[in-house]
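Because only heavy atoms are used, hydrogens play no part in the values below, and waters and symmetry mates are left out as well, while side chains stay in.
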Amino acid sequence: MSSSPLPESWNRYLGEEFDAPYMKQLKHFLAREKAARKVIYPHSSNWFRAFELTPLDRVRVVVLGQDPYHGPNQAHGLCFSVRPGVPTPPSLVNIYKELAQDVGTTSVNHGFLEPWARQGVLLLNSVLTVERGNAGSHRGQGWETFTDRAIATVNEQCEGVVFLLWGSYAQKKASFVDRQRHLVLHAPHPSPLSAHRGFFGTRHFSQANAFLESRGHGAIDWQLPESPS
């Protein structure tokens, strides 16, 4: 991480972060974890996958997650998404249920969300790494500062973005977003613990598309392909 691994659209605004003291400390932390033979998810080639698939000038929707999944073969750099061949996590199952109710999508038997990311849905976790089997193990090491800057960059440099903030953590993290320029939608988290408290029935996906179309940005096709590719 000595030089920025970000694509140019993001690098223009976030490239300097990689020379900041907090990022150097984060780099040392990750190097120590690796030296201690700890397995880190996702693979380092996917730490910035969300930025690679969704250039800054194409961001239309932002979905915020917290940590990567900490099981084998799950995480690949996009929040809520898992690699092909891995069972769909419970929160994503609930997202699919709401999508079906809201915009009539057909549920698919995979959790691979790259087609959304390629359409301009920034699927951003607050923390971009985790130790295998140890949820939340990389919190407070610097990633949050970096992703705060990323959200601030979208807020400042983009116009008419939809922020889907599910759960109190995401709502606090993006509390500064300018509601005059962007659409900010709140709901409980889609996890089985909280989805029944108001995630279902929010119709966030149709609201997002109506807003995007009103701004001339075009709707997101939320229907995922039957097989992940």
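- Applying the 6.0 Å contact sphere to CD of Gln74 captures more than 12 heavy atoms from other residues, nucleotides or ligands.
- Looking at heavy atoms from C-beta onward, Trp116 lies out of side-chain contact with Val63 at the 4.5 angstrom threshold.
- Contact check for Val82 versus Leu113: no side-chain heavy atoms found under the 4.5 Å cut-off.
- Rounded to the nearest 0.5 angstrom, Met23 CE and Arg149 CZ are separated by 9.5 Å.
- Pro190 and Ala195 make their closest contact through O-CB, 3.5 Å (heavy atoms, listed as atom of the first residue, atom of the second, distance).
- Identified under the side-chain hydrogen bond (donor to acceptor under 3.5 Å, both in side chains) test for residues 82-95, with sequence neighbours left out: none.
- Put simply, CG on Asp67 and CD on Glu131 are 12.5 Å apart, with the number rounded to the nearest 0.5 Å.
- Counting all heavy atoms, side chain and backbone alike, Ala50 lies closest to Leu78 at CA-CD2, 3.5 Å.
- If you look at Phe199 and His204, their ring centroids are not closer than 6.0 Å.
- Taken together through direct or relayed side-chain contacts under 4.5 Å among Ile, Leu, Val, Met, Phe, Trp and Tyr, Phe48 and Val127 form part of one hydrophobic cluster.
- Between the side chain of Lys27 and the backbone N or O of Phe18 there is no donor-acceptor pair closer than 3.5 Å.
- No continuous path of hydrophobic side-chain contacts links Leu212 to Leu56 [ILVMFWY only; heavy atoms under 4.5 Å].
- Side-chain heavy-atom separations under 4.5 angstrom define the hydrophobic clusters, and Phe112 shares its cluster with no other residue.
- The side-chain heavy atoms of Tyr69 and Pro89, taken from C-beta on, include a pair separated by under 4.5 Å.
- Side-chain atoms of His182 and Asn155, non-hydrogen and from C-beta on, do get closer than 4.5 Å to each other.
- Here the side chains of Pro188 and Trp166 are not in contact, with every heavy-atom distance at 4.5 Å or above.
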Test Trp10 against Thr153 for side chain to side chain donor-acceptor pair (under 3.5 Å), laying out the working first. CA-CA 9 Å; Trp10 287 101; Thr153 299; over 6 Å; no
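- Not a single side-chain hydrogen bond (donor to acceptor under 3.5 Å, both in side chains) links Arg132 to another residue, sequence neighbours left out.
- In the hydrophobic clustering of this structure, Val62 does not group with Phe205; members are Ile, Leu, Val, Met, Phe, Trp, Tyr whose side-chain heavy atoms approach within less than 4.5 Å, directly or through other members.
- In this view, His76 and Ser81 satisfy the side-chain hydrogen bond (donor to acceptor under 3.5 Å, both in side chains) rule, not counting sequence neighbours.
- Trp143 is not listed as a side-chain neighbour of Ser126, based on a closest heavy-atom distance of 4.5 Å or more.
- For the atom pair NZ of Lys97 and OG1 of Thr105, the computed distance is 13.0 Å after rounding to the nearest 0.5 Å.
- One hydrophobic cluster, built from ILVMFWY side chains closer than 4.5 Å, cannot hold both Tyr41 and Leu30; they sit in different ones.
- Between the side chain of Ser137 and the main chain of Asn134, a donor-acceptor pair closer than 3.5 Å is present.
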Can you give me every donor-acceptor pair (side chain of residues 221-228, partner residue at least two apart or in another chain, under 3.5 Å) with its distance?
from   : atom 1 : to     : atom 2 : distance (Å)
Asp221 : OD1    : Gln223 : N      : 3.1
Gln223 : OE1    : Thr106 : N      : 2.7
Gln223 : NE2    : Thr106 : O      : 3.0

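- The minimum heavy-atom distance linking Val86 with Asn73 is given by the pair CG2-O, 3.2 Å.
- Between Tyr22 and Phe146, the distance separating the two ring centers is not shorter than 6.0 angstrom.
- Annotation: the span from Leu122 atom CG to Leu64 atom CG amounts to 8.0 Å, rounded to 0.5 Å.
- The number of heavy atoms from other shown groups lying within 6.0 Å of CD (Glu16) does not exceed 12.
- In this structure Phe200 satisfies the ring pair (Phe, Tyr, Trp, His ring centres under 6.0 Å) test with no other residue, sequence neighbours excluded.
- Thr202 and Gln207 make their closest contact through O-NE2, 2.9 Å (heavy atoms, listed as atom of the first residue, atom of the second, distance).
- In this model, no donor atom of one side chain and acceptor atom of the other lie less than 3.5 Å apart for His189 and Ser194.
- In terms of hydrophobic clustering, with Ile, Leu, Val, Met, Phe, Trp and Tyr side chains grouped at heavy-atom distances under 4.5 Å, Phe51 and Phe163 are assigned to a common cluster.
- For the salt bridge (Lys or Arg N to Asp or Glu O under 4.0 Å) condition, the pairs that include at least one residue of residues 174-186, sequence neighbours left out, are Glu159-Arg181.
- Arg58 meets the side-chain hydrogen bond (donor to acceptor under 3.5 Å, both in side chains) test with no other residue; sequence neighbours excluded.
- Residues in residues 120-130 take part in no salt bridge (Lys or Arg N to Asp or Glu O under 4.0 Å) pair, two or more places apart or across chains.
- Sequence neighbours left out, the pairs with a member in residues 104-117 that pass salt bridge (Lys or Arg N to Asp or Glu O under 4.0 Å) are Arg49-Glu114, Glu114-Arg118.
- The side-chain hydrogen bond (donor to acceptor under 3.5 Å, both in side chains) check on Gln171 picks up nothing, with sequence neighbours excluded.
- With 3.5 Å as the limit, one finds a donor-acceptor pair spanning the side chains of Tyr13 and Gln157.
- The shortest side-chain heavy-atom distance between Val162 and Arg60 does not fall under the 4.5 Å cut-off.
- Residue pairs meeting the salt bridge (Lys or Arg N to Asp or Glu O under 4.0 Å) criterion with at least one partner in residues 206-215, sequence neighbours excluded, are absent.
- You'll find the side chain of Asp102 stays beyond 4.5 Å of the side chain of Leu99, heavy atoms only.
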